[in-house]
Amino acid sequence: MKILVINGPNINMLGTREPEIYGTTTMDDINKELIEYSKTINYSIEFEFFQSNHEGEIIDKIQSTDANGLIINPAAYTHTSVAISDAIKSVNIKAVEVHLSNPHSREDYRKISYTASACIGVVAGFGKESYKLALNGLLNKINE
Ligand code: DQA
């Protein structure tokens with residue numbers, strides 16, 4: 001079982017970026033916690049972690065993956081990127097969209113997601129726990 005975790009622009013700044021919204025945990029810590037969590041649910045998962053601030057790089061990664069599932073926090077591209085949405089739809093992969101914050105409780109421009117329509121589900125608002133919840137949902141769907 002291989003799971004690709006993609007984090008979009010500015011997620012590499014977690015820890016110091018607007019901690020009142022995103023918390024103080026770094027992206028590397030979130031990734032490590034996800035690996036440890038997967039062991040506690042008895043899954044042998046090969047994770048690939050990818051972060052980019054560039055839309056095209058994220059699209060290239062999605063197009064070239066051989067993973068069984070995708071957890072993606074498209075960050076600000078959530079609200080703008082038809083291209084990332086199309087990329088997810090262009091490959092045969094089950095994807096879950098993740099957000100640390102709840103974009104629906106924030107500015108109006110965050111209330112639209114272009115990427116959610118390419119995903120089987122969305123987990124938002126649970127901070128770093130969102131990634132673990134997404135993993136659970138994704139594994140359930142893959143094993144259906
Ligand atoms: C985010 C929410 C987005 O609106 C924002 O642009 C981000 C992070 C989140 O994880 O809460 O960069 O995706």
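What you see is a predicted model, and the numbers here were worked out from it, not measured in a lab. Counting from 1, the numbers follow the sequence of the chain as shown. As the structure lists them, so they are numbered: ligands from 1, and atoms in each ligand from 1.
- Defined by atom type and a distance below 3.5 Å, a donor-acceptor pair is missing between the side-chain atoms of N10 and Y22.
- Heavy atoms only, all atoms of each residue included: K94 and I120 are closest at CB-CD1, 4.2 Å.
- Residue, atom and distance of the protein heavy atom nearest to atom 3 (C) of ligand 1 are H79 NE2, 3.5 Å.
- At least one N or O atom of L100 sits closer than 3.5 Å to an N or O atom of ligand 1.
- Ring planes of H79 and Y109: perpendicular class, angle over 60° (limits at 30 and 60°).
- Using modelled atom types, one finds no donor on one side chain facing an acceptor on the other under 3.5 Å when comparing E55 with N53.
- Between the side chain of S38 and the backbone N or O of I35 there is at least one donor-acceptor pair closer than 3.5 Å.
- Residue P103 places no N or O, backbone or side chain, under 3.5 Å from any N or O of ligand 1.
- Here atom 5 (C) of ligand 1 lies nearest to R110 when heavy atoms of E97, K128, R110 are compared.
- In this structure, the side chain to side chain contact (heavy atoms under 4.5 Å, CB included) partners of D28, at least two apart in sequence or on a different chain, are T26, N31.
- Using a 4.0 Å cut-off to heavy atoms of S101, the atoms of ligand 1 that qualify are 2 (C), 9 (C), 11 (O).
- With a heavy-atom cut-off of 4.0 Å, N10 does not touch ligand 1 at all.
- Close contacts between ligand 1 and A76 involve ligand atoms 6 (O), 12 (O) [criterion: under 4.0 Å to a heavy atom].
- By heavy-atom distance, the residue among M13, R106, H99, R17 lying nearest atom 12 (O) of ligand 1 is R17.
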